[in-house]
Amino acid sequence: MGPGGGRAGSGSRVEDRAAQSLLNKLIRSNLVDNTNQVEVLQRDPNSPLYSVKSFEELRLKPQLLQGVYAMGFNRPSKIQENALPLMLAEPPQNLIAQSQSGTGKTAAFVLAMLSQVEPANRHPQCLCLSPTYELALQTGKVIEQMGKFYPELKLAYAVRGNKLERGQKISEHIVIGTPGTVLDWCSKLKFIDPKKIKVFVLDEADVMIATQGHQDQSIRIQRMLPRNCQMLLFSATFEDSVWKFAQKVVPDPNIIKLKREEETLDTIKQYYVLCNSRDEKFQALCNIYGAITIAQAMIFCHTRKTASWLAAELSKEGHQVALLSGEMVVEQRAAVIERFREGKEKVLVTTNVCARGIDVEQVSVVINFDLPVDKDGNPDNETYLHRIGRTGRFGKRGLAVNMVDSKHSMNILNRIQEHFNKKIERLDTDDLDEIEKIAN
DNA sequence: AAAAAAT
């Protein structure tokens, strides 16, 4: 086997459906990459700009290369071509990387972590932080899949509800977790010795270091790490002030930007529905429910309260929906996201907890029941891009529907439209034929 | 406002 010379897919061994979908993703990102500009800023400008066209060139451990191919990857995506040589260099380099949804960020940093693990050392060597419980579970699955040919490799989840006995020490090689739990495990509870961490990954890095986000906890964790610990920051979005802060807190960072976020928007058709109240939005949503359930859909609300209200109202109307928000206990959250992944639930009503990173292939429609706004009521462009980025995956055409219920929210929508310089057209929810045509 | 903690 091996990547061969040609396009991804030729001569590769594809074992199952999951592997096939990952392959599809890779094919798509290669196509998209033809029009994308990659910008690489190396720390040492004298060293040659260095990218790889195959995984072999990286001299990975055989069991890791086997894991990469078993997942259906046969050649690196654009971000991986540039990021992997930097991350695997000796000595390890720090990296801040920005590239859109579905371009292979997760696989890139998982590969970097796995290549640093020494299984004989029974303590955490790599630490990855995720902004939510659900994303930590998802990334953990990728680590387990890609590392499945290391029989000794162990992964620990530092997430809510995962309780350990006092005085216990984590012996697992990689820890994936959410900020609060990881901070406790590193400091107060001393389950992890942070001084022995070699690779530190911030997934959805912008929200992990934003003042409004998890900055305090992330930075407190970072300060406990050894000085030579490799730091890897990945996200699809970095708002200007956060980008500056990232460069300040990461020592000697290399920078990779996959430009043109409009690419994401080109595969997703955006519409808005004009209403005058929350109840009208609810009615409009009921009108299009049939059209959006042909595949899977995610409906975003601004608050937990609205989400649970909406899920209950939709149920009363006889529409089957699932609800996922941070007010639920983690066992429930794990069960709901699993049912949604399996396709047992077609519609997920949720909050920003699911705005980022969640990768469910069959999602073809995203509905913003409430537009994303920050705490000051200004448009939250980053969250908008992340939310609608839950669809339009695998080269399929995605659909985003924004529900507007006032002059104020129309103004928010106009500002989002201007920010991305991409037309958001009006949709008439009485015209079901039109909607079905768009949704498919 | 949501998320994030054995508090």
Side-chain angles (χ1 to χ4, degrees), chain A residues 127-140 156-170 175-192 194 202-222 224 235 237 239 242 278 298-311 323-334 336-337 348-358 368-387 390 405 408-409 412 416:
Chain A
L127 174 61
C128 175
L129 291 189
S130 293
T132 64
Y133 173 76
E134 287 76 14
L135 192 55
L137 297 188
Q138 178 179 289
T139 307
Y157 291 86
V159 292
R160 244 177 161 140
N162 198 354
K163 314 244 160 147
L164 274 68
E165 277 175 44
R166 214 179 308 171
Q168 205 177 325
K169 288 274 183 244
I170 299 283
V175 176
I176 168 93
T178 41
T181 308
V182 169
L183 184 58
D184 275 358
W185 286 21
C186 286
S187 54
K188 196 171 60 186
L189 303 171
K190 301 217 172 1
F191 295 152
I192 299 172
L202 290 179
D203 192 10
E204 304 297 340
D206 58 334
V207 79
M208 300 308 287
I209 60 167
T211 327
Q212 297 290 350
H214 306 290
Q215 187 183 85
D216 288 359
Q217 290 168 325
S218 298
I219 298 301
R220 281 176 67 192
I221 294 164
Q222 188 212 4
M224 290 186 258
S235 183
T237 55
E239 182 264 318
V242 178
R278 190 174 78 164
M298 294 174 84
I299 304 176
F300 288 97
C301 301
H302 189 50
T303 66
R304 300 165 166 193
K305 204 176 148 200
T306 307
S308 71
W309 167 84
L310 181 58
L323 171 67
L324 180 48
S325 88
E327 70 186 0
M328 294 155 59
V329 295
V330 286
E331 292 78 12
Q332 243 181 329
R333 289 170 63 169
V336 170
I337 194 74
L348 187 66
V349 178
T350 187
T351 61
N352 277 342
V353 70
C354 286
R356 287 166 170 264
I358 298 302
N368 287 320
F369 190 79
D370 298 314
L371 298 178
V373 292
D374 64 20
K375 69 165 190 2
D376 304 317
N378 291 315
D380 185 344
N381 298 313
E382 285 69 36
T383 300
Y384 182 83
L385 194 65
H386 281 279
R387 280 185 181 181
R390 298 313 95 218
D405 62 5
H408 175 69
S409 63
I412 302 280
I416 291 173

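Per chain, numbering begins at 1; letters A, B, ... match sequence-line order. Quick caveat: nothing in here was measured; it's all calculated off a predicted structure.
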Visitor: Think A/T132 has a side-chain N or O under 4.0 angstrom from the OP1 or OP2 of B/dA2?
Guide: no

Visitor: Heavy atoms from C-beta onward define the side chain here; which of B/dA6, B/dA4, B/dA5 lies closest to that of A/R333?
Guide: B/dA4

Visitor: Can you identify which nucleotide, out of B/dA3, B/dA4, B/dA6, has its nearest atom closest to the A/L189 side chain?
Guide: B/dA6

Visitor: Grab the NZ-C1' distance between A/K190 and B/dA6 for me, whole Å please.
Guide: 15 Å

Visitor: Just how far, in rounded Å, is C1' of B/dA4 from CH2 of A/W185?
Guide: 15 Å

Visitor: Please check the phosphate of B/dA5 (OP1 and OP2 only) for any side-chain N or O of A/T178 closer than 4.0 Å.
Guide: yes

Visitor: Working to the nearest 0.5 Å, report the span between CZ of A/R333 and CD of A/E327.
Guide: 10.5 Å

Visitor: What integer distance in Å separates A/K305:NZ from B/dA3:P?
Guide: 15 Å

Visitor: Using the side-chain heavy atoms of A/R304, tell me which of these nucleotides is nearest: B/dA1, B/dA2, B/dA6.
Guide: B/dA2

Visitor: Identify whether any heavy atom of A/F191 sits under 4.0 Å from a base atom; if not, whether one sits that close to sugar-phosphate; answer base, sugar-phosphate or nothing.
Guide: base

Visitor: Out of B/dA1, B/dA3, B/dA4, which has the shortest distance to the side chain of A/Y133?
Guide: B/dA4

Visitor: If we check side chain to side chain contact (heavy atoms under 4.5 Å, CB included) with A/V175, which of these qualifies: A/L129, A/T181, A/L127?
Guide: A/L127

Visitor: How many whole angstroms separate atom CD of A/Q215 from atom C1' of B/dA5?
Guide: 18 Å

Visitor: Examine B/dA4: is either OP1 or OP2 under 4.0 Å from a nitrogen or oxygen in the side chain of A/R160? Give yes or no.
Guide: yes

Visitor: Rounded to the Å, how far apart are A/M208 CE and B/dA2 P?
Guide: 19 Å

Visitor: Compare every heavy atom of A/C354 with every heavy atom of A/R390, then report the nearest pair and how far apart it is.
Guide: CD-O, 3.7 Å

Visitor: Can you find a side chain N or O atom of A/R356 that sits less than 4.0 Å from OP1 or OP2 on B/dA4?
Guide: no

Visitor: Rounded to the nearest 0.5 Å, what's the gap from CD1 on A/I192 to OG on A/S187? Could you check?
Guide: 9.5 Å

Visitor: Of the nucleotides B/dA6, B/dA1, B/dA5, which one has an atom closest to the side chain of A/L164?
Guide: B/dA6

Visitor: Taking only the side-chain heavy atoms of A/Q212 (C-beta and beyond), determine which of B/dA5, B/dA2, B/dA4 contains the nearest atom.
Guide: B/dA2

Visitor: Which whole-number value in Å describes the distance from A/E204 CD to B/dA4 P?
Guide: 13 Å

Visitor: Is the shortest heavy-atom distance from the side chain of A/M328 to the side chain of A/S308 under 4.5 Å?
Guide: no

